[in-house]
Each structure stands twice: as structure tokens, then as C-alpha cells.
Visitor: 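Let me begin by handing over the structure; questions about it come next.
What's counted below: heavy atoms across the whole structure, side chains too, no hydrogens, waters or symmetry copies.
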Amino acid sequence: MVQVQDFVRHSDSSLKSFLRGSRVSDIVRFGVSLPRKLSDDFDKYIAEDQYTNRSEAIRDLIRNELIKDEWQHSGTQIAGAIIFVYDHHVRNLLDKIVTVQHDFHGLIISGQHIHLDHDNCLEILAVRGESGYVQALYKKIKALKGVKHISLNMSSTGQNIS
Ligand code: NI
């Protein structure tokens with residue numbers, strides 16, 4: 001095991017104000033114990049992802065998990081992107097895609113359409129709104145026959161992430 005001395009250098013009151021976001025300069029330090037293999041694997045991951053230190057890598061991992069958690073709570077305001085590829089020759093598909101987007105027009109901030117080749121189109125929709133509705137929009141497009149691939153990139157409005 002890799003042991004690192006645990007310490008938190010702030011009182012409870014400053015930690016509470018840090019969590020409220022009122023003192024953004026406050027930093028909380030804490031130690032983590034890891035099995036040697038996990039620590040070695042993490043250091044490899046950090047090197048491959050061009051992180052300059054462990055702290056920044058850990059901050060990103062925590063943010064990713066918090067964003068995933070935001071998306072699980074219906075009613076939470078989130079932002080993200082829906083990216084999909086389809087063959088525009090498939091009968092009525094273009095009409096259906098347009099109809100779905102109009103049904104969810106309040107969620108779609110912007111859209112980009114790229115003609116990839118003779119048959120295939122790529123669409124990128126920037127979305128913002130309640131997580132449940134964004135996921136419903138994603139599922140509606142995913143269910144359309146002729147959509148070859150779709151991904152939902154879960155990001156955040158940024159308001160709850162430091
Ligand atoms: Ni196209």
C-alpha cells in the first residue's frame with residue numbers, strides 16, 4: 001500500500017464556505033491510500049493523458065463523476081451534446097429527425113449538419129435543459145431507423161462544478 005499522510009488544513013467553517021463556492025481560493029488537501037498496482041496504473045494513465053500532476057487528474061475524475069451524478073437526477077439543469085450519424089437516403093428519416101428536433105426545440109441551443117460523404121450525414125446538437133428531457137430527446141433520435149450511431153456527451157452547465 002502507498003500511504004500518504006492525511007491532513008485537512010481548514011476549519012469546518014472555511015470548508016463549508018468552500019463548498020458554497022464563496023471562497024474559491026480555498027483548497028482542501030486530503031491523503032489517499034491506494035494498492036501499489038492501482039497507483040502505478042494511475043500514474044501511467046496520468047502520463048498518457050498529459051497531466052502534469054496527480055491532483056489535476058484526480059480533480060477531473062471527481063468532476064466527471066459529479067457530472068454523471070447530475071445527469072441521474074431528473075430536473076437537474078444540464079448541458080451536453082448529442083452526436084449522430086445517419087444515411088439521409090433512408091425513407092422519411094430526414095423528416096423524422098427534423099420533427100423530433102422541433103418537438104424538443106426548447107432544449108436544442110444549436111445544431112450543425114455535416115455531409116460526410118454521398119450517403120452519410122453527421123449532426124451535432126448542443127443541448128441544455130432538464131436531464132430527463134435531454135435523455136428523452138437522445139432516445140427518440142436513437143430509436144429512428146437509419147441512425148447508424150449516436151452518442152450523448154454528458155457535460156454540465158458548469159454552475160455546480162468547481
Ligand atoms: Ni447531409
Side-chain angles (χ1 to χ4, degrees), residues 16 18-22 24 27-28 30 32-35 37-162:
K16 278 176 194 156
F18 169 74
L19 293 171
R20 283 200 306 270
S22 57
V24 290
I27 297 291
V28 175
F30 63 97
V32 179
S33 301
L34 297 176
K37 172 79 166 63
L38 187 58
S39 175
D40 291 346
D41 288 348
F42 187 56
D43 284 343
K44 273 186 218 152
Y45 162 84
I46 289 170
E48 283 167 8
D49 279 36
Q50 310 285 317
Y51 283 107
T52 52
N53 62 62
R54 285 175 171 166
S55 290
E56 193 49 45
I58 290 169
R59 281 193 283 271
D60 273 356
L61 289 173
I62 292 172
R63 287 185 195 111
N64 284 344
E65 286 307 307
L66 291 176
I67 286 168
K68 268 195 225 165
D69 188 58
E70 270 191 343
W71 278 76
Q72 299 314 311
H73 296 101
S74 210
T76 310
Q77 292 291 310
I78 50 75
I82 298 171
I83 302 165
F84 57 105
V85 173
Y86 59 93
D87 182 342
H88 72 95
H89 296 303
V90 173
R91 180 183 285 269
N92 297 329
L93 180 57
L94 217 46
D95 274 354
K96 288 175 186 166
I97 286 171
V98 171
T99 300
V100 170
Q101 292 190 37
H102 277 273
D103 287 346
F104 288 85
H105 65 89
L107 296 179
I108 300 169
I109 308 162
S110 79
Q112 194 172 17
H113 183 121
I114 296 121
H115 311 301
L116 290 175
D117 57 32
H118 181 71
D119 304 316
N120 295 298
C121 303
L122 169 70
E123 277 202 39
I124 305 167
L125 303 178
V127 292
R128 181 177 57 200
E130 279 193 28
S131 62
Y133 290 129
V134 172
Q135 287 175 85
L137 168 60
Y138 162 72
K139 284 175 187 170
K140 284 259 184 189
I141 298 170
K142 189 179 179 185
L144 295 175
K145 189 168 180 272
V147 173
K148 294 179 173 181
H149 178 255
I150 184 166
S151 69
L152 173 60
N153 193 310
M154 297 182 177
S155 192
S156 167
T157 61
Q159 291 178 353
N160 300 319
I161 306 292
S162 298

Visitor: Are V85 and V147 side-chain neighbours, meaning at least one heavy-atom pair lies under 4.5 Å?
Guide: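 Result no, sub-4.5 Å side-chain heavy-atom pair not found.
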Visitor: Applying salt bridge (Lys or Arg N to Asp or Glu O under 4.0 Å), name anything that partners E65, two or more places apart in sequence or on another chain.
Guide: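 Result, salt bridge (Lys or Arg N to Asp or Glu O under 4.0 Å) vs E65: K68.
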Visitor: Which residues pass the salt bridge (Lys or Arg N to Asp or Glu O under 4.0 Å) test with K145, not counting sequence neighbours?
Guide: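 Once residues adjacent in sequence are excluded, K145 has no partner under the salt bridge (Lys or Arg N to Asp or Glu O under 4.0 Å) criterion.
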Visitor: Could you name each residue pair satisfying ring-ring contact (aromatic ring centres under 6.0 Å, His included) that touches residues 77-103, not counting sequence neighbours?
Guide: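 Sorted result for residues 77-103: F84-Y86, H89-H118.
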Visitor: If I take atom CG from residue L152 and atom OG from residue S131, how far apart are they, to the nearest 0.5 angstrom?
Guide: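 Reported value, rounded in 0.5 Å steps: 10.0 Å.
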Visitor: Counting distance only, does the side-chain N/O of W71 pair as donor-acceptor with the main-chain N or O of S155 below 3.5 Å?
Guide: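 At least one qualifying donor-acceptor pair exists.
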Visitor: Taking only residues at least two apart or on different chains, which pairs with a member in residues 43-69 satisfy ring-ring contact (aromatic ring centres under 6.0 Å, His included)?
Guide: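 Found F42-Y45.
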Visitor: Tell me every residue that passes salt bridge (Lys or Arg N to Asp or Glu O under 4.0 Å) with R63, counting only those two or more places apart in sequence or in another chain.
Guide: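 For R63 the salt bridge (Lys or Arg N to Asp or Glu O under 4.0 Å) partners, ignoring immediate neighbours, are E56, D60.
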Visitor: Does anything in residues 103-121 pair up under salt bridge (Lys or Arg N to Asp or Glu O under 4.0 Å), and if so which pairs, sequence neighbours excluded?
Guide: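 For residues 103-121, and leaving out neighbouring residues, there are no salt bridge (Lys or Arg N to Asp or Glu O under 4.0 Å) pairs at all.
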Visitor: Crowded around K148 NZ? As in, over 12 foreign heavy atoms under 6.0 Å?
Guide: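 Enclosed: over 12 neighbouring heavy atoms sit under 6.0 Å from NZ of K148.
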Visitor: Starting at CG of L61, measure out to CZ of R59 and round the result to the nearest 0.5 Å.
Guide: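 L61 CG to R59 CZ: 11.5 Å, rounded to 0.5 Å.
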Visitor: How long is the gap from CZ on F104 to CD1 on I141, to the nearest 0.5 Å?
Guide: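 Rounded to the nearest 0.5 Å, the CZ-CD1 separation comes out at 8.5 Å.
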Visitor: Kindly write out the residues that satisfy ring-ring contact (aromatic ring centres under 6.0 Å, His included) with H149, not counting sequence neighbours, or none if the list is empty.
Guide: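 Scan of H149 (ring-ring contact (aromatic ring centres under 6.0 Å, His included), adjacent residues dropped) gives none.
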Visitor: With sequence neighbours left out, what residues match N160 under side-chain hydrogen bond (donor to acceptor under 3.5 Å, both in side chains)?
Guide: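 Per chain and number, N160 pairs via side-chain hydrogen bond (donor to acceptor under 3.5 Å, both in side chains) with E70.
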Visitor: Roughly how far, to the nearest 0.5 Å, is CZ of R128 from OG of S156?
Guide: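 So the OG of S156 and the CZ of R128 are separated by 11.5 Å.
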Visitor: Holding to salt bridge (Lys or Arg N to Asp or Glu O under 4.0 Å), I want the full list of residues that pass it with E130, two or more places apart in sequence or in another chain.
Guide: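 With sequence neighbours excluded, E130 shows a salt bridge (Lys or Arg N to Asp or Glu O under 4.0 Å) to no residue whatsoever.
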Visitor: Let me confirm one number: the CD1-CE distance from I67 to M154, rounded to the nearest 0.5 Å.
Guide: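 The distance works out to 11.0 Å.
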Visitor: Kindly indicate whether the side chain of I109, heavy atoms from C-beta on, has any atom under 4.5 Å from the side chain of V127.
Guide: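 No, too far: nothing below the 4.5 Å cut-off.
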Visitor: Can you tell if the side chain of K44 reaches within under 4.5 Å of the side chain of S39, non-hydrogen atoms only?
Guide: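 No, their side chains stay 4.5 Å or more apart.
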Visitor: Just wondering, do D87 and V90 contact through their side chains at under 4.5 Å, heavy atoms?
Guide: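 V90 vs D87: side chains touch.
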Visitor: To the nearest 0.5 Å, what is the distance between CG (L125) and OG (S110)?
Guide: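 The OG atom of S110 is 8.0 Å from CG of L125, to the nearest 0.5 Å.
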Visitor: Provide the closest heavy-atom pair for A57 versus I46 in the form atom of the first, atom of the second, distance.
Guide: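 Scanning both residues completely, I find the closest heavy atoms to be CB-CG1, 3.7 Å.
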Visitor: Could you pull out the closest heavy-atom pair between L107 and G129, with the gap in Å?
Guide: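 Heavy-atom minimum between the residues: CD2-CA, 3.9 Å.
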Visitor: In chain order, what residues pass the side-chain hydrogen bond (donor to acceptor under 3.5 Å, both in side chains) check against K142, with sequence neighbours excluded?
Guide: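 Testing K142 for side-chain hydrogen bond (donor to acceptor under 3.5 Å, both in side chains), a comparison that skips the adjacent residues, returns none.
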Visitor: Quick check: do I82 and I150 have side-chain heavy atoms less than 4.5 Å from each other?
Guide: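 They are in contact (side-chain heavy atoms under 4.5 Å apart), so the answer is yes.
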Visitor: Among side-chain atoms of Q101 and E123, is any donor-acceptor pair under 3.5 angstrom?
Guide: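 Distance-only check passes for Q101 and E123.
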Visitor: Quick one: list whatever passes side-chain hydrogen bond (donor to acceptor under 3.5 Å, both in side chains) with D41, sequence neighbours left out.
Guide: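 With sequence neighbours excluded, D41 shows a side-chain hydrogen bond (donor to acceptor under 3.5 Å, both in side chains) to K37, given in chain and number order.
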Visitor: Please identify each residue that fulfils side-chain hydrogen bond (donor to acceptor under 3.5 Å, both in side chains) with N64, with sequence neighbours left out.
Guide: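 Scan of N64 (side-chain hydrogen bond (donor to acceptor under 3.5 Å, both in side chains), adjacent residues dropped) gives none.
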